[in-house]
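Lettering of chains follows the sequences in order, A, B, ..., and the numbering in each one begins at 1. Because the structure is predicted, anything quoted here is derived from the model rather than measured.
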Protein chains: 2
Amino acid sequence: MPRPALISREQILDATLAVADEEGLAAVTMRRVAARVGVTAMSLYHHVRDKDDLLDGLVERLLAELVLPEPGLSGEERLHGLAISLRQAAARHPDAFSLLLRRPVATEAALAVREVVYAALRDAGVPDDLVPRTERLISTFVIGFAASEVGGRFAAHDEAVRDADFEWAWRHLSGRLSALTPEPAGAQA
Amino acid sequence: MPRPALISREQILDATLAVADEEGLAAVTMRRVAARVGVTAMSLYHHVRDKDDLLDGLVERLLAELVLPEPGLSGEERLHGLAISLRQAAARHPDAFSLLLRRPVATEAALAVREVVYAALRDAGVPDDLVPRTERLISTFVIGFAASEVGGRFAAHDEAVRDADFEWAWRHLSGRLSALTPEPAGAQA
DNA sequence: ACCTGAACACCGTTCAAGT
DNA sequence: ACCTGAACACCGTTCAAGT
């Protein structure tokens, strides 16, 4: 006889993110997450396939927190807004964020974010055939920077320096989007 | 009575890297590494402080594999050589490489590499006061790119595409080193 | 359909004991 | 000084049993 579910996948992911934030990614265990939702570890297997699926769910959650920029803004403004939003998500969830670099962008949420970036790059003047490649360049830098920050690679610098660093680098990277060429800029001179 | 050591820290790190390469970072356990050098897990604690120290040792090993560029080359050529070398190290040790983004650059080897980059940037024409910041920009991109490749974030693209991507991005990033300004390039026009 | 207890094959680390 | 066995407090996951 069917029995009403006591817990849901959403509740499980809430608990997982909370554990990751409060005690680090290493503390994310099936047993600990289960305890947090008030259930035994084995019960989780009715809602997530295995621990890997649980971690994929964490990535979904992170991407869901990104604030998609207002369509009225310029392409460059939308790109900048997304980048800021990603750094903020990293700051809120430092340990979980490292998962972004360890898992392929295959989820629906990840693909949606990528489409937003594509559109913004086109509006910013990037030639169509360079859009995907430029997206990879920009996202690699932004995710790499955010991961470095929260991972401790920039531990010697406080937040103000990192903020200034990021904005400086961002403007150097984004300031010439409309001048991007298939061949390097220097090769044309 | 003192007893000659059966194993050394170097042997332990050799075994750790081998396990990481063959079976992944998740398979790097004190017990498994110990078994590989022919000893019990507890014996490792006489040569490494704990598992974290073991992982720090892995990072040392990775950095030790970097081919430092010949001093005779130009600043830009030396930077390019280092970047290539880093991508190759990542390809050789895909799982272990992700540790580079999760641990601060505090070891002697890491600081040495940074100094090489500083010198190359100065020779490439970067103004002195922008050198550290530019190093963070470049290393973030290169490490982020290499980590994305081996971590599977670019899994949809094969090696030839990734190679072309990297060289294209690299030339766009490095081609204007001597034109870097404290304020964004666009703000000066 | 959902949840559970018991079990299996693992972990990192401490400690007392051996040489 | 170095290595070990036993032990402690954990893991992820399977399986049979309960409702």
What residues, two or more places apart in sequence or in another chain, satisfy side-chain contact (heavy atoms from CB on, under 4.5 Å) together with [X]?
X     : result
A/A18 : A/E22, A/R36
A/A64 : none
A/L63 : A/V59, A/L66, A/L100, A/T107, A/A109, A/A110
A/R9  : A/L13, A/V48, A/D53, A/E60

*Determine which bases of DNA chain D form Watson-Crick or G-U wobble pairs with both distances under 3.5 Å, and write the result as a 5' to 3' dot-bracket string with | for other-strand partners.*
||.|||||...|||||.||
Could you pull out all donor-acceptor pairs under 3.5 Å where a side-chain atom in residues 73-97 of chain B meets a protein atom, sequence neighbours excluded?
from: B/S74; atom 1: OG; to: B/E77; atom 2: N; distance (Å): 3.1
from: B/S74; atom 1: OG; to: B/E77; atom 2: OE1; distance (Å): 3.2
from: B/E77; atom 1: OE1; to: B/S74; atom 2: N; distance (Å): 2.9
from: B/R78; atom 1: NE; to: B/L73; atom 2: O; distance (Å): 3.2
from: B/R78; atom 1: NE; to: B/S74; atom 2: O; distance (Å): 3.4
from: B/R78; atom 1: NH2; to: B/D123; atom 2: OD2; distance (Å): 2.4
from: B/H80; atom 1: NE2; to: B/E167; atom 2: OE1; distance (Å): 2.8
from: B/H80; atom 1: NE2; to: B/E167; atom 2: OE2; distance (Å): 3.2
from: B/S85; atom 1: OG; to: B/V67; atom 2: N; distance (Å): 2.9
from: B/R87; atom 1: NE; to: B/E149; atom 2: OE1; distance (Å): 2.9
from: B/R87; atom 1: NH1; to: B/D163; atom 2: OD1; distance (Å): 3.3
from: B/R87; atom 1: NH2; to: B/E149; atom 2: OE2; distance (Å): 2.8
from: B/R87; atom 1: NH2; to: B/D163; atom 2: OD1; distance (Å): 2.8
from: B/R92; atom 1: NE; to: B/E65; atom 2: OE1; distance (Å): 2.9
from: B/R92; atom 1: NH2; to: B/E65; atom 2: OE1; distance (Å): 3.1
from: B/H93; atom 1: ND1; to: B/D21; atom 2: OD1; distance (Å): 3.0
from: B/H93; atom 1: ND1; to: B/D21; atom 2: OD2; distance (Å): 2.8
from: B/H93; atom 1: NE2; to: B/E65; atom 2: OE1; distance (Å): 3.0
from: B/H93; atom 1: NE2; to: B/E65; atom 2: OE2; distance (Å): 2.8
from: B/D95; atom 1: OD2; to: B/L25; atom 2: N; distance (Å): 2.6

*asked:* Per the salt bridge (Lys or Arg N to Asp or Glu O under 4.0 Å) rule, what does the pair list look like for residues 124-145 of chain A, sequence neighbours excluded?
replied: A/R133-B/D165, A/R136-B/D165
*asked:* Among residues at least two apart in sequence or on other chains, which ones pass side-chain hydrogen bond (donor to acceptor under 3.5 Å, both in side chains) with A/R32?
replied: A/E23
_What does the B/S/- profile of nucleotides 2-12 of chain D look like, 5' to 3', with a 4.0 Å heavy-atom cutoff to protein?_
BBBBBB---BB
